[in-house]
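These notes are about the structure you will find just below.
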Amino acid sequence: MSSTERTRASRKPPGERAAEIAEAARSIALTHGLAAVTLRAVATRAGVTPALVAHYAAGMEMLVAEAFAAIVQAELEEIRGFALGGSTPSAQLARLVSAALDPLRQDVTVVWVEAWSLGRRNEALAVRVRTQMDAWQQTVRRIVAAGAETGEFVTEDPAGVAWQLLGMIDGLNAQALVRWGTATERGPLIAHAVEGMLGLPRGSLTAEPIPAPPMDSP
């Protein structure tokens with residue numbers, strides 16, 4: 001990078017420069033995983049010097065944590081909006097499962113899997129992982145609670161059902177990264193388990209498969 005380019009980059013407003021660095025980290029994480037979010041990689045993607053990244057980022061652990069949060073929060077908002085378009089709690093749950101298991105979302109699955117591992121030594125990341133897991137659980141719990149209130153679902157523990165459903169989704173998505181099982185098997189497997197937990201007739205969540213819209217790639 002020439003001195004002219006570095007001078008021009010330094011003239012950007014601090015907020016704009018910080019946003020560019022954050023976006024560079026997010027893009028690297030989606031494309032190559034959280035472990036690839038390094039000082040040099042972010043600097044190269046943003047077109048600045050490593051020193052400038054260090055100046056604007058509150059440490060690489062925080063930059064990784066914020067990249068994770070931005071990615072998974074965007075996915076949750078998209079899936080939540082898609083799911084809540086269902087006309088009944090059953091339809092909403094079917095939509096959510098379909099979207100969460102979409103093979104086109106594997107880039108986000110990689111981010112999740114790495115976050116669980118890296119979060120053991122990166123407390124800033126661990127905090128955001130827990131926050132996003134809670135947000136997912138609350139989303140599912142609300143759908144299940146709504147179905148229980150109307151008598152569509154039979155359960156006295158919407159929160160427990162939500163945790164169990166998310167555990168199954170996370171596990172099967174992680175297995176999909178090494179191509180264990182097929183996409184056509186994973187959806188019905190979860191749907192049938194949830195039907196049993198909620199007292200639904202067999203096939204209630206799989207009678208009309210609903211394709212999930214793919215997330216925009218960086």
message: Just verifying a value: how many Å separate L125 CG and W116 CH2, rounded to the nearest 0.5 Å?
response: 11.5 Å
- prompt: What residues form a side-chain hydrogen bond (donor to acceptor under 3.5 Å, both in side chains) with R141, not counting sequence neighbours?
  reply: none
message: For L166 and Q137: C-alpha separation, side-chain torsions, deciding distance, then whether side-chain contact (heavy atoms from CB on, under 4.5 Å) applies.
response: CA-CA 7 Å; L166 291 174; Q137 193 265 356; 3.9 Å; yes
message: Treating R45 as the side-chain partner and A24 as the backbone partner, does any N or O pair qualify as donor plus acceptor under 3.5 Å?
response: no
- prompt: Is there a donor-acceptor contact under 3.5 Å from the side chain of S98 to the main chain of A94?
  reply: no
- line: Scanning both residues in full, the closest heavy-atom pair of A41 with A36 reads CB-O, 3.5 Å
message: Rounded at 0.5 Å granularity, tell me how far CD1 in I71 sits from CG in L76.
response: 14.0 Å
- prompt: Donor-acceptor pair, E75 side chain versus V108 backbone, under 3.5 Å?
  reply: no
- request: Find out whether I79 and W136 are in side-chain contact, i.e. whether some heavy atom of one side chain is under 4.5 Å from a heavy atom of the other.
  value: yes
query: Do other residues, nucleotides or ligands put more than 12 heavy atoms under 6.0 Å from E16 CD?
result: yes
message: Would you say that P158 contacts F153 through its side chain, given a criterion of any heavy-atom pair below 4.5 Å between the two side chains?
response: no
message: Considering only residues two or more places apart or on different chains, which pairs with a residue in residues 48-70 satisfy salt bridge (Lys or Arg N to Asp or Glu O under 4.0 Å)?
response: E66-R128
query: Can you tell if the side chain of L63 reaches within under 4.5 Å of the side chain of I21, non-hydrogen atoms only?
result: yes
query: Tell me, do T139 and L96 make a side-chain contact under 4.5 Å, heavy atoms counted?
result: yes
field: By side-chain hydrogen bond (donor to acceptor under 3.5 Å, both in side chains) - contacts of E20 (at least two apart)
entry: K12, R17
- request: Kindly say whether P201 contributes a backbone atom to a donor-acceptor pair with the side chain of S204 at under 3.5 angstrom?
  value: yes
- prompt: Taking the side chain as C-beta and beyond, is there a heavy-atom pair between V37 and V42 under 4.5 Å?
  reply: yes
message: Within this structure, what is the CE-CG distance for the pair M168 and L189, rounded to the nearest 0.5 Å?
response: 8.0 Å
task: Under the side-chain contact (heavy atoms from CB on, under 4.5 Å) rule, what do V97 and L101 come out as? Steps first, then yes or no, please.
output: CA-CA 6 Å; V97 170; L101 293 176; 3.8 Å; yes
field: Polar side-chain atom of R26 near backbone of A70 as donor-acceptor pair, under 3.5 Å
entry: no
query: Counting distance only, does the side-chain N/O of N173 pair as donor-acceptor with the main-chain N or O of A100 below 3.5 Å?
result: yes
query: Do L93 and L165 have side chains that get closer than 4.5 Å, going by heavy atoms?
result: yes
- prompt: What residues, two or more places apart in sequence or in another chain, satisfy side-chain hydrogen bond (donor to acceptor under 3.5 Å, both in side chains) together with Q132?
  reply: Q73
query: Between CZ of R40 and OG1 of T49, what distance do you get to the nearest 0.5 Å?
result: 10.5 Å
- line: Residues A43 and P50: closest non-hydrogen pair is CB-N, 3.6 Å
- prompt: With side chains defined as the heavy atoms from C-beta onward, is the minimum distance between W112 and V129 less than 4.5 Å?
  reply: yes
task: Output yes when a side-chain donor or acceptor of R120 lies under 3.5 Å from a complementary backbone atom of S117, and no otherwise.
output: yes
- request: Please report the closest heavy-atom contact between V113 and A174, naming both atoms and the distance.
  value: CG2-CB, 4.2 Å
query: CG of D170 to CD of Q175: how many Å apart, nearest 0.5 Å?
result: 11.0 Å
- prompt: Could you give the distance from CH2 (W163) to CG (D157), rounded to the nearest 0.5 Å?
  reply: 12.0 Å
message: Please check this pair: side chain of Q106 against backbone of L177, looking for a donor-acceptor N/O pair closer than 3.5 Å.
response: no
field: Set of residues satisfying side-chain contact (heavy atoms from CB on, under 4.5 Å) with respect to L84, sequence neighbours excluded
entry: R80, Q92, I143
For R202, all residues meeting side-chain contact (heavy atoms from CB on, under 4.5 Å), sequence neighbours excluded: H192, E195
- request: Check for a donor-acceptor pair, side chain of S27 on one end and backbone N or O of E23 on the other, with a separation under 3.5 Å.
  value: no
message: Side chains of V194 and L205, heavy atoms from C-beta outward: is any pair under 4.5 Å?
response: yes
query: Looking at G86 and A91, what are the two nearest heavy atoms and their distance?
result: CA-CB, 4.0 Å
